[in-house]
Amino acid sequence: MGTKSRKIVVTSALPYANGDIHLGHLVEYVQTDFWVRFQKMRGHRCVYVCADDTHGTPIMVRARTEGITPEELIARSYALHTKDFSDFEILFDNYYSTNSEENRAFSESIYQAMQKSGAVTTRKLPQLYCEHDAMFLPDRFVKGVCPKCGAENQYGDSCDACGQTYAAEELKEAHCTICGRAPVMRDSEHLFFELEPFRDFLKAWIPQHTAPDVANKLLEWFNEPLRGWCISRDAPYFGFEIPGHPGKFFYVWVDAPIGYMASLQKWCSNHGESFDAWWQNPEAELYHFIGKDIVRFHCLFWPTMLNVAGIKTPNQVFVHGFLTVNGEKMSKSKGTFVKARTYLDHLNPQDLRFYYACKLNGTTDDLDLNLGDFVNRVNSDLVGKITNLASRGAQMLQKSLGGKAGAMDAEGRALCERAQSRADAVAAYYEARDFGKVMVEVRDLADAANQYFDAQAPWALVKTDPEAARRVMTSILNIFRVLAIYLQPILPAYAAKVSKLFNEPPYVWSDVTKTIEHAAINPYEYLATRVEQAAVDKMIEASRGGPVCPPASAKVPGPVRPATEPVKAATEPVKAATEPVKAAEPVKETIDYDTFAKMDLRAATVVSAELVEGADKLLKLQLDIGEARPRQVFAGIRKAYDPAKLIGRQVVMVANLAPRKMRFGLSEGMILAAGNPDGALFVVSPDAGAVPGATVK
Ligand SMILES: [Zn+2]
Ligand SMILES: [Zn+2]
């Protein structure tokens, strides 16, 4: 306290629009949110901006597969991502999209500065090209036989079987993953941003703006000439076309970090603020929170781009580690690749914030979510130690003493003052992003308060000396109030209920110095409940089943993002999800209307239909029933229908049938078809005019 008000811009890395937010992502957003909320509580002006990263080949290909535009795809992701973030209490000042006019303008002007600097060169690169799909194929769009070990079905950059990396053209029997045809080699001219001319700038910049371990790792690259960075991609590509180079687009990693600027610009426009007063102002501060996998983009290319464009570089890049679950990499087959939404379906978001805070220490160490430890810490520390102070203290005060706080007794006051005296230390831990130490302080103070509470035994005292009991309860509540203030950046909804309990507005840091005596206390609202192991088990089970699988060709990750693990194929025998009704069968037993009404039938538009390799009766359908994304259904209609002719047709779908795991993926419903006695099949369709998702009744 006592520091002058700072102006701070904070960013988290932009999540890619071709996927769901998962618990690994949340390690970053949650810790950035802690830090930002802390700065705001301290009275600083702090703006937290982020955006969806929307460009690149995977977005384009996925949209194409689903039969929608890339803009529709990214709008859908935007809605899902922002809902996940707000449900986890992550509060952005602005959450934008890299596919914005602000971003295009910044990208073009920074590119022009890069060109002017003389560091943009052109080189011809031979690349695999699919003549059928009329596109150059990124590494992950080529599969073939590993040139080193002969394993089949390997990607164009590395072999999963032997771990070797190689160039795509070395792959044997290469084929395009979109159409299956053999690609050809073609020369393409690409733009490179040369880093070598900026060697001295970078060598000085890196140690000043990153932690020593991060800097040391980066500086290893400086033992040899720095390689140029390819900043162009060939059409078709979803992104910004490069001025003066028709058919060439900025590589997604060029305009992604520029998206930080665009999001801040948008916030400034919305709030009548000046962009330069925030970003370019030497008095203002700029911090990026990122994972260690994207360090080179943020600490080599990005500062160099900003530097040539005369734009201020970040004060510091805060790098964190990866999430492991139970000590291992997140795994779909083990059910530990948990999506944000799946977590929210089973558990309370504040518990994850609490647990992550306990484990975060401001370094690049990986963070382990040990599920047993998670249950124990929430139950013993958050519920048992911390919250217990308020629930016992406030409830007893309400029940037996008219809800009125009195004065603290001497011992209680000393404990409260001790808690208050830790404010600067706790603030220093927050500033250093050492949230684990914040939690240790809070837990220690809670332990001391619980000992005092138990020693005073107010539940007995209230019968013999109610005013003495009131003094104990008043002390306990005041100590708890200080702890809640310390916890507010980590548990904002929790702290909001505490301030309500004491009839106060949301806390600022200096509220720590106050005490609440001789005042009425509002009714106690529950603040935290125990986590049940059964709920954790259900979440893991739900993650193992894997909700909707995106279409196979869309699972290809972006060129630089880590691959997500492939969904493990289930082992059940193949069964058609849609089985024709045999006409010759007698009519089944009578059901009442309520039984019929349980069935949720919907008009569905077929957005894609594909053959399923290894199943000669099945078609894989993507069905639009007006939901955020299409449902995948395997239907046994391959004999009767040409997949191409089904696309765009309307069918009737049973929308509430339990999803069924099949060898080829999840089937999330079934479609209705009439089956003649001779086995011929006829898909049931609504008449023209029904919108996708219309109920059939
Ligand atoms: Zn191999
Ligand atoms: Zn192809």
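It should be emphasised that the depicted structure is a prediction, and the values quoted were computed from it without experimental measurement. The chain is numbered in sequence order, starting from 1.
Salt-bridge check for R341 with D87: passed, with a basic side-chain N closer than 4.0 Å to an acidic carboxylate O. Salt bridge status for K266 with E101: absent, with no side-chain N to carboxylate O gap under 4.0 Å. Ion pairing of D33 with R353 is present here, as a side-chain N (NZ or NE/NH1/NH2) and a carboxylate O approach within less than 4.0 Å. Using a 4.0 Å cut-off between charged side-chain N and carboxylate O, D93 and R45 make no salt bridge.
Inter-residue side-chain proximity for I311 and M305 is flagged as unmet; no heavy-atom pair is nearer than 4.5 Å. A heavy-atom distance below 4.5 Å is found between the side chains of N478 and M408. K329 places none of its side-chain heavy atoms less than 4.5 Å from the side chain of T324. L382 has its side chain within reach of Y494: a pair of non-hydrogen atoms, C-beta onward, lies under 4.5 Å apart. Between I74 and D52, the closest side-chain pair of non-hydrogen atoms is not below 4.5 Å. Counting only heavy atoms from C-beta outward, the side chains of V375 and V536 approach each other to under 4.5 Å. In this structure, the side chains of E283 and K4 come closer than 4.5 Å at one or more pairs of heavy atoms. Proximity of V49 to F92: side-chain heavy atoms (C-beta onward) are nowhere separated by under 4.5 Å.
F289 and H320 have their aromatic ring centers separated by at least 6.0 angstrom. The six-membered or imidazole ring of W35 lies near that of Y287, with a centre-to-centre distance under 6.0 Å. For F301 and W229, the ring centers are positioned less than 6.0 Å apart. You'll find the ring centres of F318 and H298 outside the 6.0 Å limit. The aromatic ring centres of Y343 and F88 sit less than 6.0 Å apart. Under the 6.0 Å cut-off for aromatic ring centres, Y95 and Y48 do not qualify, their centroids lying 6.0 Å or more apart.
T342 and S543 are not linked by any side-chain donor-acceptor pair at a separation below 3.5 angstrom, with hydrogens and angles left out of the test. No hydrogens or angles considered: a donor-acceptor pair under 3.5 Å links the side chains of Y96 and E102.
Applying the ring-ring contact (aromatic ring centres under 6.0 Å, His included) test to Y452 and every residue at least two apart in sequence or in another chain returns nothing. Under the salt bridge (charged side-chain N to carboxylate O under 4.0 Å, His left out) criterion, E285 pairs with R6, not counting sequence neighbours. Residues forming a ring-ring contact (aromatic ring centres under 6.0 Å, His included) with H271 (at least two apart in sequence, or on another chain): W267. Partners of D255 according to the salt bridge (charged side-chain N to carboxylate O under 4.0 Å, His left out) rule, which considers only residues two or more places apart in sequence or in another chain, do not exist here. Taking D368 as the reference, nothing meets the salt bridge (charged side-chain N to carboxylate O under 4.0 Å, His left out) condition, with sequence neighbours excluded. Residues passing the salt bridge (charged side-chain N to carboxylate O under 4.0 Å, His left out) test with D213: none are found, sequence neighbours excluded.
Counting all heavy atoms, side chain and backbone alike, C299 lies closest to L218 at CB-CD1, 3.4 Å. Counting all heavy atoms, side chain and backbone alike, H209 lies closest to N315 at ND1-O, 2.8 Å.
Y430 and F38 have parallel rings, their planes meeting at less than 30° on a 0 to 90° scale where 60° marks the start of perpendicular. Taking the six-membered ring where the residue is Trp, F198 and F193 present tilted rings, their angle falling between 30° and 60°.
Within a 6.0 Å radius of NZ in K7, other residues, nucleotides and ligands contribute more than 12 heavy atoms.
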Practice task
For S331 and T336, run side chain to side chain donor-acceptor pair (under 3.5 Å): C-alpha distance rounded to whole Å, both residues' side-chain angles, the deciding distance at 0.1 Å, then the answer.
Solution key: CA-CA 5 Å; S331 147; T336 56; 4.5 Å; no
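In terms of modelled atom types and a separation under 3.5 Å, the side chain of D366 and the main chain of F322 share a donor-acceptor contact.
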